[in-house]
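Please read the structure below before turning to the comments.
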Amino acid sequence: MATTAAPIPLREGRERKPSTSAPLGDLQGPVGPGFSRPKHKRTVTGIVPSEIKSAESSIPHTQRDAWKKHSAKPFETKDDFEKEAVRHIETTLARSLFNCDESAAYAGTALAFKDRLIVNWNKTQQRQTTADPKRLYYLSLEFLMGRALDNAMLNVGLKDVAREGLSELGFRLEDVIVQEKDAALGNGGLGRLAACFLDSLASLDYPAWGYGLRYKYGIFKQELVNGYQVEVPDYWLEKNVWEFPRNDITVDIQFFGQVRKYQDEKGKMRSVWENGEIVEAVAYDNPIPGYGTATTNNLRLWSSKASTGEFDFQKFNSGEYEASVNDQQRAETISAVLYPNDNLERGKELRLRQQYFWCAASLSDIVRRFKKTKRDWSEFPHQVAIQLNDTHPTLAIPELLRILVDIEDLEWDQAWDIVQNTFGYTNHTVLPEALEKWSVPLIAHLLPRHLQIIYDINMQFLQMVESKFPKDRDMLSRVSIIEESEPKRVRMAYLAIIGSHKVNGVAELHSDLIKTTIFKDFVKIFGPDRFTNVTNGITPRRWLHQANPRLSELIASKLGSNQFLKDLTLLNGIEKYVDDAAFRKEFRDIKYANKVRLAKFLKEAQGISVNPAALFDIQVKRIHEYKRQQLNIFGVIHRYLRLKKMSPEERKQVQPRVHFFGGKAAPGYWMAKTVIHLVNKVGDVVNNDQDIGDLLKVVYIEDYNVSKCEIIAPASDISEHISTAGTEASGTSNMKFALNGGLIIGTCDGANIEITREIGQENIFLFGNLSEDVEDLRHAHNYGKFELNDNLREVFDTIKSGRFGDADQFSPLVDGIVDHGDFYLVSDDFQSYCDTQDLIDKTYKNQDDWLTKCILSVARTGFFTSDRCMVEYADEVWSIEPLKPEQD
């Protein structure tokens, strides 16, 4: 009979224990040939700091040495890159030398770089777990990431290595990069801002994760059919090699059901959310590499699936073939599409399901990670910062409260204190109609326990307000989370303000406006210290180094290094070269080459020919009435009508122009889709008018996305940021164009004001009314005498004549201005806009002066970096510190 073996002492004198993530009892039983040791049991997301030393010492030296000997090492040389890429092409893709095309070359290259990132990702996560600092969790419904390969190559400093390696293998790097589809996880500035923030957080070594949804079909792929936007699925996941599924990290998410209240044995009233439907959230991780650092943070995306499994065999065997997959199809719709059309009630329910599914999965993950540290709950806000990017993730507030009170058994006051000190809220709009509100009956049906919690939060808040302002009863209805409408609605922005310790706007004007308009009562209640400003920024790694490599190289040659990519304020060093002839020539040549690149892209992608020598006027962004693409196209029509009236000799004096439009309209936003239709129909007429020729072209860039913007932004001469004053929170495309040496025509709105301050009023073209005049102008439209500008009347008459197709199709655009109050003040700003465009033509003819303005625009945009944003958030909102990687 075998005897029990005594514990085997280690050289350090410790008793030998099995290799696990948490210490177990001493190893018992026989050890030797024929007997297997216990298998390693490691938790799915690493081990906590208190377990590190004991876990490491529990692993025998021989095993540790073997592991370290064969541990993955990131490639650094051309030969090592080729080895990794070819290995993936041959073994992962099952291709060979004889059938490796550009798509396979892309996949092999991307997988080689992904492997390299994962090595750093593993080290980063373990380093952050070991140090156990306070972490940021950034919740955003959108992350408009763009292509990952080019960004990864540049951030790890190995793009030239990949270029040389691919060349030896028979491929051009540029042909390989374009094989990748953009990650379709966003639509506009909100998602691109979140992506820039992730890049900056990693580049600055902040311990941070992003949380979002893994949309199977993105928002949609835009096709233009007879001038109309048509939405089709975006199958972006087909070539996505960057994510890695974490099938062992799942969360059960509950919907519907009932709330049962009871009194426990201690006499405390308890609430239990019961029954209903369960949907499973599955995690997919995406590495986010920092620039010039080994820090590689994580973007965790959640995908939905049926908790009962994908397939019901019983229903299938009984002949109910369609019903056998109903549960899975119903669950998958949650993460199928970004912003499902909410014109129907079922669409509203799906949107709310999306938001709660993502918030609940993320909170469960965050809480699980915190509980592993075995800290007291009072330390939660000292270890966790959660930022709400707009109101979409606001349900995280009642969800965390539910976890703390219902599951962890904390007292309400303690739980509420933890919640408030954990969350920060970024507001992105001053438009009251754009602030999210959900009907009380819908929330009661879908999330019954959360509605109870929201009512309890509201009651406690209103009692506090009444005690502070006993004589202002009207304030109670103004600030109540519950809007007393029919049906009652939950004001999500109010819930976000009340449940957060800090609220920020995203530009100075925007932050001032929210404090003096939509949130002014909350400033009285909480004081001005709860509100702050963090002006938006962009990452120079993607929007200069990646999008405009020749300009980046030129700047580096003058500044002596690429350090400006980590400290963008160093850009001001190129201002001293503004009169340097060689520098000016190279700058001008780069701009022209970028215009040629855009012209070539349009010819290949859409069959449209444009003249690179023309002035490129560009407005690319989400289509919305407040962004006023309609003002732009009305101005184009006015220009066209003027050209038609000119003699051939007069036309020779005119500056040729190409007007580029791009962007998607929400599927249910009919007016925005009408603007797209008008732009395309005007283009059909203008572009085929033999009298006009190259003097004026109108181009709608189909399916605008991040990768296309990387081609567009460096090619602009003038870009349009012409929102009604006081409606654009910030804007970031204005920053991208300015950083790439394009000038701006804009209103005094959003970040345009701060850009003007930085680059100088003489280097930007401002027009239009000011935000403080907007309400008076709107009042005059509705109650005063309205006089339509003669030039705009001519534009409208031309549209009504049918010159651009069926006039009835465009009557809502015209009638909204003439008969329905012109809410976005197109008529008030039209003449100022046209006069400013004439000034641009005149200025552009003096190319020396124009070039000087462009150079100064680049040199003075250093303030608008997302790195600066992250430092401000870290200091003022999150209280987090960088955690720099150790030197290998």
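FYI, side chains are in, hydrogens and waters are out, and symmetry mates aren't considered; it's all heavy atoms of this structure.
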* Asked: Does the side chain of S723 come under 3.5 Å of the side chain of K627 through a donor N or O and an acceptor N or O?
  -> no

* To do: Report yes or no: is the cationic atom of K673 (NZ for Lys, CZ for Arg) closer than 6.0 Å to the six-membered ring centre of Y228, at no more than 45° off its axis?
  => no

* Asked: Does a donor on one side chain and an acceptor on the other come within less than 3.5 Å for N536 and T732?
  -> no

* Asked: So how far is it from L743 CG to T843 OG1, rounded to the nearest 0.5 Å?
  -> 9.0 Å

* Carefully, step by step, assess R622 and K664 under the rule side-chain contact (heavy atoms from CB on, under 4.5 Å). => CA-CA 5 Å; R622 181 167 54 95; K664 296 176 181 179; over 6 Å; no

* To do: Determine yes or no for a side-chain-to-main-chain donor-acceptor pair under 3.5 angstrom, with R489 supplying the side chain and E484 the backbone.
  => no

* **Note: R778-E775 ion pair, threshold 4.0 Å (strictly below)** => yes

* Ignoring hydrogens and geometry, is there a side-chain-to-backbone donor-acceptor pair from Q630 to E625 under 3.5 Å? -> yes

* Asked: Is there side-chain contact between V826 and Y833, with heavy atoms separated by less than 4.5 Å?
  -> no

* Could you please spell out the steps behind the side-chain contact (heavy atoms from CB on, under 4.5 Å) verdict for D234 and I219? => CA-CA 7 Å; D234 185 353; I219 183 169; over 6 Å; no

* For the pair D822 (side chain) and S827 (backbone), establish whether a donor and an acceptor sit closer than 3.5 Å, ignoring hydrogens and angles. => yes

* To do: Would you give the length of the straight line joining atom CD1 of I518 to atom CG of L513, rounded to the nearest 0.5 angstrom?
  => 8.5 Å

* To do: Report yes or no: is the cationic atom of K181 (NZ for Lys, CZ for Arg) under 6.0 Å from the centre of the six-membered ring of W236, at an angle within 45° of the ring normal?
  => no

* Strictly by modelled atom types, are E720 and Q837 linked by a side-chain donor-acceptor pair under 3.5 Å? -> yes

* Please determine if K681 forms a cation-pi arrangement with F804, meaning its NZ or CZ atom is less than 6.0 Å from the six-membered ring centre and no more than 45° off the ring axis. => no

* Asked: Would you find a donor on one side and an acceptor on the other, under 3.5 Å apart, between the side chain of Q355 and the backbone of P393?
  -> no

* Asked: With distance as the sole criterion, is a donor-acceptor pair present between the side chains of Q229 and E223 under 3.5 Å?
  -> no

* Asked: Can N533 and H510 be counted as having a side-chain donor-acceptor contact under 3.5 angstrom?
  -> no

* Mark yes or no for whether N688, through its side chain, and D684, through its backbone, hold a donor-acceptor pair below 3.5 Å. => yes

* Side chains of S335 and R214 in contact at under 4.5 Å (non-hydrogen atoms) -> no

* **Donor-acceptor contact below 3.5 Å, side chain T426 vs main chain D390** => no

* Asked: Are the aromatic rings of Y339 and H392 close, with centres under 6.0 Å apart?
  -> yes

* Decide yes or no for L825 and H781: does some side-chain heavy atom of the first lie under 4.5 Å from some side-chain heavy atom of the second? => yes

* More than 12 heavy atoms of other residues, nucleotides or ligands under 6.0 Å from NZ of K600: is that the case? -> no

* **Heavy-atom check, side chain of V699 versus side chain of F616, under 4.5 Å** => no

* **Donor + acceptor pair across side chains of N427, N504 (<3.5 Å)** => no

* Scan side-chain atoms only and decide if Y700 and Q606 contain a donor-acceptor pair under the 3.5 Å cut-off. => no

* Less than 4.5 Å apart, any side-chain heavy atom of R192 and any of V706? -> yes

* **Ring center gap for Y494 and F522 short of 6.0 angstrom** => yes

* SB check R642 E650 (cutoff 4.0 Å) -> no

* Asked: Within the distance-only criterion (no hydrogens, no angle test), does the side chain of Q354 pair as donor or acceptor with the backbone N or O of V337 below 3.5 angstrom?
  -> yes

* Asked: Step by step, would you call D835 with Q831 a side-chain contact (heavy atoms from CB on, under 4.5 Å)?
  -> CA-CA 6 Å; D835 292 343; Q831 193 57 52; 3.0 Å; yes

* **Modelled atom types, side-chain donor and acceptor of S304 and E332, under 3.5 Å** => no

* To do: Using a strict 4.0 Å threshold on nitrogen-to-oxygen distance, state whether E483 and K437 make a salt bridge.
  => yes

* Judged by atom type as modelled, is there a donor-acceptor pair below 3.5 Å linking the side chain of T724 to the main-chain atoms of T727? -> no

* **Check: Y626/E728 side-chain N/O donor and acceptor closer than 3.5 Å** => yes

* Are Y640 and R803 side-chain neighbours, meaning at least one heavy-atom pair lies under 4.5 Å? -> yes

* Derivation and outcome, ring pair (Phe, Tyr, Trp, His ring centres under 6.0 Å), residues F634 and F796 -> CA-CA 8 Å; F634 293 157; F796 288 168; 5.2 Å; yes

* To do: Please determine, by modelled atom types, if E142 and N187 share a side-chain donor-acceptor pair under 3.5 angstrom.
  => no

* Can you see which heavy atom on T535 is nearest to which on A507, and at what distance? => OG1-CA, 3.8 Å

* **Short side-chain to backbone donor-acceptor contact, N752 and H721, under 3.5 Å** => yes

* K221/D703 ion pair, N-O < 4.0 Å -> no

* Asked: Quick one: do D617 and R639 make a salt bridge, cutoff under 4.0 Å?
  -> no

* Would you say R628's side chain and Y824's backbone share a donor-acceptor pair under 3.5 angstrom? -> yes

